Amino acid sequence: MIMKMSQLYIPTLKEKPVEAETPSHELMLRTGMIRRVAAGIYSFLPLGYKVVRKVEKIIREELEKAGAQEVHLPLLHPAELWQESGRWAEMGDMMIRLCDRKKREFCIGPTHEEVMTDLIRYELKSYKNLPQNFYQIQTKVRDELRPRFGLLRSREFSMKDAYSFHTTWESLDQTYQDMHDAYCEIFRRCGLNYRVVEADTGPMGGTDSHEFMVLADTGEDSVLFCNLCGYAANIEKAGSRVEFKGEKIDNPGKEEIYTPGITTIEQLEKALELPGEYLYKTLLYRGESGYYLAIVRGSDQLNENKLMALLGDPLLHLAEEGYGNLPAGFLGPQGEHGLKIVADELVMNMDWGVAGANREDYHVKGIVPGTDFTPAFTGNIRNARPGEKCLECDGKLEEIRGIEVGHIFKLGKKYSEAMGANYLDENGHSHPMIMGCYGIGVTRTVAAAIEQNHDNYGVKWPLPLAPYQVVLLTLGGDQALKEESEKLYQGLQEMGVEVLWDDRPERPGVKFNEADLLGIPLRITMGKKFLESGKLEVKDRFHDQDHLLGQEQVLDWIRNYCIKEGVS
RNA sequence: CGGAGCGUGGCGCAGUCUGGCAGCGCGCCUGCUUUGGGAGCAGGAGGUCGAAGGUUCAAAUCCUUUCGCUCCGACCA
C-alpha cells in the first residue's frame, strides 16, 4: 500500500472555506477528506474514506459478535412498498421520488424498514427460524429541509441499519439489549465520549427507543440529564417535575381586554405585565384525525413529538390556514368553537389565565381550566427545561449538547402488520412478527469524532479512527536521513502500523503544520537533531506529549502505545 | 415555503454604484537560492465573470428571465 505522501493525494487547504460553519466541516475540507459536490452532498477523498472504513470495520466486528448478519438492500425502492406501510404519504418531501422509463414510481431509500420487511415476509414463515437480525451499511438519501454542518446533516450519508424479527416481546427485549451493548462497545472502541439517552421514536413509530449521543458543544441535540441518578433523555422526550415558584395572583374575574395587534406571548406578557404562567398559549393543529386546539402555558414550549404521540396522529402540523372565523393570534380554548382541545397537564394546574378571545384584537382574563373549557386530551406535551426536577429522583436536570450518532428502536408490529410479515407458531397459527430497528450514522460518526477531538491547529484523531497511526516527517534532503527514514518506514509497516511518510521535499514548517492539521496521533521527526543525537522525537498529538526515544526503542514503544490505546 | 445575501482561475476575494485591456492573495508549473513551525527572487500556466435573452459603438458592470449556493426563520399565532 502506498503510504508515501509524495504519492498520495491529500489536498490540504491553508485557508478556512467560507461554507464551513463547524469545526468538523472546516477540518474535513481543509485536510482533504471530503469535497462538496452539491448542497449536502460530498465526495470522500482517500484520507476521508480511510476513516469511514475504520468506523465500518469496528461496526461490522461488533455486530457480527452480537449475532447480526450482513445483507445489502437496494437504494431504489418501488413506491408500492412505501404505500403499503403508509409512509409514501407520511415521508413528505424528505424522500426523493422518481420515475423509471415506464413511468413507474420509485423513491431513493431514506431508510429500509419496508424493503427489509418485504424481503423476510416471503422467506421467513416459521417460528423455528426466529429471531433473526440483519444489518447493512448503505448510502441513504434524505432531502433535508436544510442540509448544513457538512457531514453532520447532509442529504446523502452512509448509515448502518439493522432490523430484527421476533415472535415475542421478550425476544425483542433481548436483541434490543444486545444491540444496546454492541453500540456501547462500538463507540467505546471508536474512542468517543458518548452517552446513551432515552429518545422519542418520532416518525419511525414504536415503543422504547434510545439514542447514542457523542458529546460536543456544537451538537444539534439537547440532552437533559439528572445530576443525581443518571437519568438522561433527549429534550424532545424528557419528562420533568415542575414546581410553581412565582407569586400567586388572584383571579381578576372574566373580562375582555382590548389588545390590538398583540399576537405573541412575548408581547402579551409585556402589555399585561403578567408572567407566562398566567397565559394560555393556544395553537391550532391539523392532522389526519382533524383539527385540534393545543394548549400549553405561555412560559412553555409545545413539543410536537409529544403531541403526536398523545394523539396517535403522526401527520400533525400547525394549521397556518386557520379554522373557520377564528382569528390567528387571538385563539383561546373557551367558548363554542367546536374544536377538540389538547391541554398540557400543567395547564390544568393553572388557577386562571389569559387567553385569546377568539375575536380580532381581544383577549380574555380569568379563564379557568376545567370550568371554562374541558380538554378532550391532557398529557405532557411541553418541552422539559434544564433546572427542573428529575422524574426519578430529587436531582435537578442539566442540559448538555450532543450529536446523535446511533438510535435504536423497538418497532413492534407497525410494519409487520401493515405489510403482512407473519409467521406460523407451534400450532400453525399466523401472527405478525415483532420488530426492532437499529441505526448508526457512519459518516456522521466520523464528523462527530472531529467535532469532539480537535484544537486550533487541526484534528486530533483518536487512535482507532485515525487514517494513519503514525506520520513520519523527514526534514531536509540529507541522504543518510532518507535512508534511516526508509528503514523506519519499512520497519513500521512490517509491524503492521499504518504509517504516513512525509517524504516530500517540503520545508519543515509546512510538514509540521500539515501534520498537526491532519491530526495523526503519533508524529516521528527525523531531522538534524536525529543526525546529531541519534534520538527520535515522537509527539503524541492526541495527548499533546513529547517523547525523545532511541532509534532501537521506537518500534516497541509504538507497539505498546497502540495496545494501550486499543488498537493492535 | 418566507426573509436576507452571494455566484469573477483549484481556494479566498477586489472590480459592479459611475459600462471602456479581467485583477489581487493563496495554491499550481519552471529555475535559482533557502531548509526544525505554512520561505525569497525571477519567469509561467490557468477565466465562455453561474446561464439565457436584451440595451449599447462597447457589458463582469445596466435591464429581463432563469439556475445554483449560503445564512436567518419556518411551532410558540
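Just so we're on the same page: letters track the sequence lines, and every chain starts at 1. Remember, predicted model here, so these are calculated numbers, not experimental data. We use all heavy atoms of the structure for the numbers below, so side chains are in, but hydrogens, waters and symmetry mates are not.
For the P atoms, the distance linking B:A60 with B:A51 amounts to 11 Å, nearest Å. Comparing the same atom, C1', in B:U8 and in B:A22 gives a spacing of 8 Å after rounding to whole Å. B:A58 and B:U66 have their C1' atoms separated by 25 Å, with the value rounded to a whole Å. Rounded to whole Å, the C1' atom of B:A42 lies 26 Å from the corresponding atom of B:G37. Distance noted for atom P between B:C6 and B:U48: 23 Å (whole Å). Taking the C1' atoms as reference points, B:C49 lies 11 Å from B:G15, given to the whole Å. Using P as the reference atom, B:G68 and B:G54 are 23 Å apart when rounded to the nearest Å. For B:G47 and B:G23, the C1' atoms lie 11 Å apart once the distance is rounded to whole Å.
Here A:Arg382 lies out of heavy-atom contact (under 4.0 Å) with every strand. Contacts of A:Arg35 with the nucleic acid, taken as non-hydrogen atoms under 4.0 Å apart, are absent.
The base of B:G36 sits within donor-acceptor range of the side chain of A:Glu537, with an N or O pair under 3.5 Å. Residue side chain A:Glu506 does not reach the base of B:G38 through any donor-acceptor N/O pair under 3.5 Å, judged by distance alone. With hydrogens and angles left out, the side chain of A:Glu514 and the base of B:G38 share a donor-acceptor pair within 3.5 Å. Contact of A:Arg507 with B:U34 (side chain to base): a donor-acceptor pair of N or O atoms is detected under 3.5 Å.
Here B:C76 is the nucleotide among B:C69, B:G25, B:C76 with the atom lying nearest to any side-chain atom of A:Leu302. The side chain of A:Glu21 approaches B:U70 more closely than any other nucleotide in the set B:U34, B:C75, B:U70. With B:G36, B:C13, B:C69 as the candidates, the nucleotide lying closest to the side chain of A:Ala38 is B:C69.
Between A:Trp557 and A:His547, the ring planes lie tilted relative to each other; the angle falls in the 30° to 60° range. Relative ring orientation between A:Tyr258 and A:Tyr362 is described as tilted, the plane-to-plane angle lying within the 30° to 60° band.
Between the NZ atom of A:Lys529 and the P atom of B:G37 there is a distance of 9 Å, given to the nearest Å. At whole-Å resolution of the value, CZ in A:Phe530 and P in B:G36 are 17 Å apart. Nucleotide B:G36 holds its P atom 12 Å from the CG atom of A:Asp478, rounded to whole Å. Across the protein-nucleic acid pair, A:Gln301 atom CD and B:C75 atom P stand 12 Å apart, rounded to whole Å. Between the CG atom of A:Asp516 and the P atom of B:G36 there is a distance of 17 Å, given to the nearest Å.
Cation-pi check for A:Arg97 over A:Trp88 is met; the charged atom lies under 6.0 angstrom from the ring centroid and within 45 degrees of its normal.
At distances below 3.5 Å, at least one donor-acceptor pair connects side-chain atoms of A:Asp503 with backbone N or O atoms of A:Ser6. Without hydrogens or angle criteria, A:Asn380 side chain to A:Arg382 main chain gives a donor-acceptor distance under 3.5 Å.
Applying the salt bridge (Lys or Arg N to Asp or Glu O under 4.0 Å) test to pairs two or more places apart or on separate chains, those with a residue in residues 352-367 of chain A are A:Glu256-A:Arg359.
Considering only side-chain N and O atoms, A:Lys14 lies under 4.0 angstrom from the phosphate OP1 or OP2 of B:G27.
Between A:Pro17 and A:Lys539, the residue whose closest nucleotide on RNA chain B is further toward the 5' end is A:Pro17.
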